[in-house]
Amino acid sequence: MAEIIHITDINAPELDVYARLTEAQLRNRLEPEKGIFIAESPKVINLALSVGYEPVSMLTIQRHIDGQAGELLGKCGNIPVFTAESELLEQLTGFRLTRGVLCAMRRPKLPEAEEICQNAARIAVLENIADSTNVGAIFRSAAALGVDGVLVTPSCCDPLCRRAVRVSMGTVFQIPWTYIGSEASQWPEEGIARLHAMGFKTAAMALSDDSVSIDDPKLHAEERLAIVLGTEGDGLSEKTIAACDYTVRIPMQHNVDSLNVAAASAVAFWELRKN
């Protein structure tokens, strides 16, 4: 049974996870088995619980104890549930809890890239994408449009940061993902070599004079394809483009040069899906 704790002091150390720890401190990379992430909204928390993520504590607006948070409490076991009126929680967190509930959860032990890719036909690779909204949106598109897994480079935004999780609508819990390499220096040379060793052809989404259109039959004929997407603004690095088997463009009209990376990912996942 969950332990309901009414907040009287927003500076209490047990609330640090919701207010005073940075994303890097939550990840706790030196001791990843102690790492925490924050899931936001009943729907997202339910998805995490349904696939086995372990809750540590919960923070909720008081009126939701018998409302939106009520169903969750029965699934979370004997964890502390911190509660107060919305104004006090906004003062604590620094933002308005529009969905009413936050849950601190244990980070899972991530598999190796080879395990993610073992039976995959289509995977996405995210190179150094810094914006958490874009990362969350890409995961949502990947889950919806048949991508089998996602690999992220070491310098990419953490897919389990609060905003990425929320924008993904919890699909980050449903689609397999992991890092490809543990150091930034391992990408692109070592990372792309690993993809090739696993039998993938690599498709760099980039504007280039020698690019092929996304509807090129050769792309659709590939049994295993890794769709590589680059950071906002600069796109993929020249080294990455040079190391990939294909450079792929989405045809544009009205002198538009490119799409936002999240929008481009949805087009690419749909067009290059394995039928």
Side-chain angles (χ1 to χ4, degrees), residues 1-5 14-19 21-29 31-61 64-83 89 92-93 95-111 115-116 124 126 132-145 147-152 156-179 262:
M1 186 67 179
E3 178 187 6
I4 308 299
I5 301 171
E14 58 267 28
L15 298 174
D16 285 352
V17 67
Y18 296 106
L21 297 185
T22 65
E23 290 288 351
Q25 289 169 324
L26 288 172
R27 285 197 302 272
N28 202 352
R29 287 191 171 182
E31 297 180 271
E33 71 278 4
K34 296 182 181 179
I36 298 291
F37 71 94
I38 303 297
E40 181 180 359
S41 89
K43 179 177 180 178
V44 169
I45 296 166
N46 257 319
L47 275 173
L49 293 171
S50 71
V51 296
Y53 281 74
E54 179 189 352
V56 175
S57 67
M58 192 178 295
L59 182 76
T60 183
I61 296 172
H64 292 325
I65 292 290
D66 297 316
Q68 295 184 53
E71 181 185 350
L72 296 173
L73 299 184
K75 299 178 180 180
C76 288
N78 187 26
I79 64 168
V81 177
F82 302 103
T83 186
L89 295 188
L92 168 70
T93 62
F95 60 91
R96 189 166 186 81
L97 273 67
T98 54
R99 302 299 182 186
V101 188
L102 300 178
C103 187
M105 310 191 92
R106 295 277 180 211
R107 283 179 171 266
K109 178 176 170 39
L110 293 175
E115 182 179 342
I116 292 288
L126 312 189
S132 56
T133 298
N134 283 334
V135 169
I138 291 169
F139 267 85
R140 188 173 182 182
S141 293
L145 300 174
V147 173
D148 299 307
V150 177
L151 303 178
V152 298
C156 190
C157 168
D158 174 22
L160 288 180
C161 78
R162 181 181 64 84
R163 186 167 179 82
V165 170
R166 181 170 66 81
V167 173
S168 83
M169 293 299 292
T171 54
V172 69
F173 308 131
Q174 298 175 307
I175 188 166
W177 72 274
T178 195
Y179 288 95

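Counting only heavy atoms from C-beta outward, the side chains of Leu26 and Arg107 never approach each other to under 4.5 Å. Side-chain contact between Val167 and Arg140 is absent, with no heavy-atom pair separated by less than 4.5 Å. Here the side chains of Asn46 and Lys43 are not in contact, with every heavy-atom distance at 4.5 Å or above. No side-chain heavy atom of Leu126 sits less than 4.5 Å from a side-chain heavy atom of Asn134. When side chains are defined from C-beta on, Leu59 counts as touching Leu92, because their heavy atoms get closer than 4.5 Å. Using a 4.5 Å heavy-atom threshold, the side chains of Pro176 and Asp148 count as separate. Counting only heavy atoms from C-beta outward, the side chains of Leu89 and Phe82 never approach each other to under 4.5 Å.
Of all non-hydrogen atoms in Ala164 and Val135, the two that sit nearest each other are CB-CG1, 4.4 Å. Listed here is the closest heavy atom pair of Ile138 and Ala262: CG1-CA, 3.9 Å. Here the closest non-hydrogen pair linking Met58 and Leu73 is SD-CD2, 3.9 Å. Contact record, Pro108 with Leu160: CD-CD1, 3.9 Å, taken as the closest heavy-atom pair. Residues Pro80 and Ile5 approach most closely at CB-CD1, 3.8 Å, considering heavy atoms. Considering every non-hydrogen atom in both Gly149 and Val147, the closest pair reads O-CG1, 3.2 Å.
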Report task. Could you check Trp177 against Leu110 for side-chain contact (heavy atoms from CB on, under 4.5 Å), going step by step and ending with a plain yes or no? Result -> CA-CA 8 Å; Trp177 72 274; Leu110 293 175; 3.8 Å; yes
Query - Test log, rule side-chain contact (heavy atoms from CB on, under 4.5 Å), inputs Leu102 and Thr93 - result: CA-CA 10 Å; Leu102 300 178; Thr93 62; 4.3 Å; yes
Requested in this report: For Arg163 and Glu40, run side-chain contact (heavy atoms from CB on, under 4.5 Å): C-alpha distance rounded to whole Å, both residues' side-chain angles, the deciding distance at 0.1 Å, then the answer.
Outcome: CA-CA 8 Å; Arg163 186 167 179 82; Glu40 181 180 359; over 6 Å; no
Report task. Check the pair Ile79 / Glu3 against side-chain contact (heavy atoms from CB on, under 4.5 Å), numbers first and verdict last. Result -> CA-CA 6 Å; Ile79 64 168; Glu3 178 187 6; over 6 Å; no
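Here the CD1 atom belonging to Ile36 is positioned 9.5 Å from the SG atom belonging to Cys103, to the nearest 0.5 angstrom. A distance of 9.0 Å separates CZ of Phe173 from CG of Leu49, quoted to the nearest 0.5 Å. Atom CZ of residue Arg162 and atom OG of residue Ser132 lie 8.5 Å apart, to the nearest 0.5 angstrom.
Judged by distance alone, the side chain of Ser168 and the main-chain N or O of Val165 form a donor-acceptor pair under 3.5 Å. A donor-acceptor distance shorter than 3.5 angstrom exists from the side chain of Thr178 to the backbone of Pro111, with no hydrogens or angles considered. Without hydrogens or angle criteria, Tyr18 side chain to Ala104 main chain gives a donor-acceptor distance under 3.5 Å. Side chain of Thr60 to backbone of Thr83: no donor-acceptor contact under 3.5 angstrom is found.
In this structure, Phe37 and Tyr53 have perpendicular ring planes: the angle between them is above 60°, well past the 30° mark.
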